[in-house]
There are 2 protein chains.
Amino acid sequence: MQGSVLSGDDRLPKYMRLADSIRTEIALGKRRPGDQIASEAELAMHYDLAPGTVRQAIAILVDERILERQHGKGTFVRHPRFDSSMFRFFRFLGADGLDLEPESRILRRLLLPAPEHVAQALSIDVGADAIFMNRLRLVDSKPVLVEEIWLPLPRFSAFLEIEEREIGPLLYPVYDRECGQIVARAEEYLTAEAAGVEFSSILQIEPSEPVIVIDRIAYAYDDVALEWRRSRGLAKEFNYHASIR
Amino acid sequence: MQGSVLSGDDRLPKYMRLADSIRTEIALGKRRPGDQIASEAELAMHYDLAPGTVRQAIAILVDERILERQHGKGTFVRHPRFDSSMFRFFRFLGADGLDLEPESRILRRLLLPAPEHVAQALSIDVGADAIFMNRLRLVDSKPVLVEEIWLPLPRFSAFLEIEEREIGPLLYPVYDRECGQIVARAEEYLTAEAAGVEFSSILQIEPSEPVIVIDRIAYAYDDVALEWRRSRGLAKEFNYHASIR
DNA sequence: CAGTGGTCTAGACCACCGA
DNA sequence: CGGTGGTCTAGACCACTGC
């Protein structure tokens, strides 16, 4: 017999159920970023669907930025590379005038009881232990960004054991490699405030100087919240662009 | 004879040329926001295309937020209603705790030579006369936002003649009604800075307090730049949200 | 009820890629 | 060259809307 059966609520259109099925495979780690998925013809055969229906399903996932099509090659699980999304906003220019990726210095990394706003975002109990990390980002040895990062247990327990030198400026590849957690998307909330005494001394600016504050919650493919992060950076290095329709 | 011919480069796919054709009709004002367009069956008949090809064309325009489909009713030119997009960012709460739309007070409205950054954005000559307007937005009679607005001539010449009381807080409906110019989309650029002496006195805050600065260029359906605007508002009222994938 | 968009079928042929 | 996605056809039937 050929023709596998689509799971899920059969009141939903087939193309949605196929999209759900592929999305779930990725969430479970059966398909990982970079992997090629079955061709449209194979999927049509396997699920006993018309080619057009399969295309419609894939179109959804391409739209969600989960898959990408490459004409003549195949359809692939997309690499979600936005750990540096901050650097679409902040432009850090070195002495040579080129964009720089700030180096990273971890100031603190320890277990702490999660405060309410973090606990709520990460769906853990208020006051439950979680990993807290404090990082400084520098360009030309000058501080430009401070980060407070919270990670839930037990999902990230391995993260406490890693040697600091194994942690580069990009955390999401570390989360994947050491903890098996893939960040698929994020929500960011942005505002500005005066630096204040605490952050002005860290960033070596005047307390009255404005800083941009970006809160980010990062999610896995299955919408589990993986990381809460608050970043503060010099407002004058910051420029955000948005299209509105 | 039935079967109209698609214009444009015939090396392009038919669905793209149909989408271009509909987009152009809207840019020329033949179809206006709220209008119903021909049904998929009619379009297929008229252009001698298969229904699926017509659907693909419409899908593009729906994706671009130019059209919207309504099941059982038809397909319509979408109303681009984002004059109040600022108020997805700024939340102005009145004494009763509800969101308020700030009232508007025009401080200045006159012809001035366009500075370079404005001229470039609006594709006019540097130093050429353009309409400049300075507005203050208030909530409970307290200033919360200052705007500098530039409009190109001769497209907006009628705008100088309008009585101030005919200009409400929303400008884009006025542009449409009085000048026949429809804003279809916009690009916004966002940063923050200390208010400084000029704006602190207008906004009644300390010069060191941070303000959010939003530059916006508004475009017509045919991508002609219609308006350049710079808004400054209290950073503490500001919260922007973005999804990243 | 007629008319609209939404889902789905079952193909054909083309354009692109890599071996 | 074989395999992939991209375009296009020509329908059928369903679900929703408003008269």
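Protein chains get the first letters and strands the later ones, always in sequence-line order, with residue 1 at the start of each.
- Taking the side chain of A:K14 as heavy atoms from C-beta on, and the options D:dC8, C:dC8, D:dT4, the nearest nucleotide is C:dC8.
- The phosphate of C:dG6 has OP1 or OP2 within less than 4.0 Å of a side-chain N or O from B:R55.
- Nearest nucleotide to the B:P51 side chain, out of D:dG11, D:dG6, C:dG5: D:dG11.
- A residue-by-residue look at B:L49 and B:G72 shows that B:L49 has its nearest nucleotide of DNA chain D further toward the 5' end.
- Between B:T75 and the phosphate of C:dT4, there is no side-chain N or O to OP1/OP2 separation shorter than 4.0 Å.
- Contact between the side-chain N/O atoms of A:R69 and the OP1/OP2 oxygens of D:dT4 is not found at any separation under 4.0 Å.
- Distance B:I60 CD1 to D:dT7 C1': 12 Å, rounded to the nearest Å.
- Look at CG on B:L61: it is 16 Å from C1' on C:dG5, rounded to the nearest Å.
- Here A:R17 does not pair with A:D20 in a salt bridge; the nearest charged N to carboxylate O distance is not below 4.0 Å.
- One can place CZ of A:R11 at 21 Å from P of C:dG6, the figure rounded to the nearest angstrom.
- When the side-chain nitrogen and oxygen atoms of B:Q56 are compared with OP1 and OP2 of D:dT7, one or more of them lie within a distance under 4.0 Å.
- Residue B:D222 qualifies as enclosed at atom CG: its count of foreign heavy atoms under 6.0 Å is above 12.
- Atoms CD (A:E40) and C1' (C:dA10) sit 15 Å apart, rounded to a whole Å.
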Query - Candidate pair B:R69 and B:E40, rule salt bridge (Lys or Arg N to Asp or Glu O under 4.0 Å), full reasoning - result: CA-CA 11 Å; B:R69 290 198 251 241; B:E40 299 183 356; 3.5 Å; yes
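- Across D:dG5, D:dG11, C:dT7, the shortest atom-to-atom separation from the side chain of A:S39 is found for D:dG5.
- The separation between B:D48 atom CG and D:dA10 atom P is 8 Å, rounded to whole Å.
- If you measure from atom CZ of A:F76 to atom P of D:dG3, you get 16 Å, rounded to the nearest angstrom.
- Heavy atoms only, all atoms of each residue included: B:P80 and B:A184 are closest at CB-O, 3.9 Å.
- When rounded to the nearest whole Å, the span between CG of A:L12 and P of D:dC14 equals 18 Å.
- The listed nucleotides are C:dG5, D:dC8, D:dG18; the one nearest the side chain of B:K73 is D:dG18.
- Where B:I58 and A:T53 each meet DNA chain C at their nearest nucleotide, the meeting point lying more 5' is that of B:I58.
- Across the protein-nucleic acid pair, A:E68 atom CD and D:dG6 atom C1' stand 17 Å apart, rounded to whole Å.
- Closest to the B:H71 side chain, of the nucleotides D:dT7, D:dT9, D:dC16, is D:dC16.
- For A:Y15, the listed nucleotide lying nearest its side chain is C:dT7; candidates were D:dC8, C:dG6, C:dT7.
- A:Y175 and A:F159 have perpendicular rings, their planes meeting at more than 60° on a 0 to 90° scale where under 30° would count as parallel.
- Each of C:dG6, C:dT7, D:dT9 was ranked by its minimum atom distance to the side chain of A:M16; first place goes to C:dT7.
- Of the candidate nucleotides D:dG6, D:dT9, D:dT17, D:dT9 has the atom nearest to the side chain of B:A50.
- Heavy atoms of other residues, nucleotides or ligands lying less than 6.0 angstrom from CZ of B:R65 number 12 at most.
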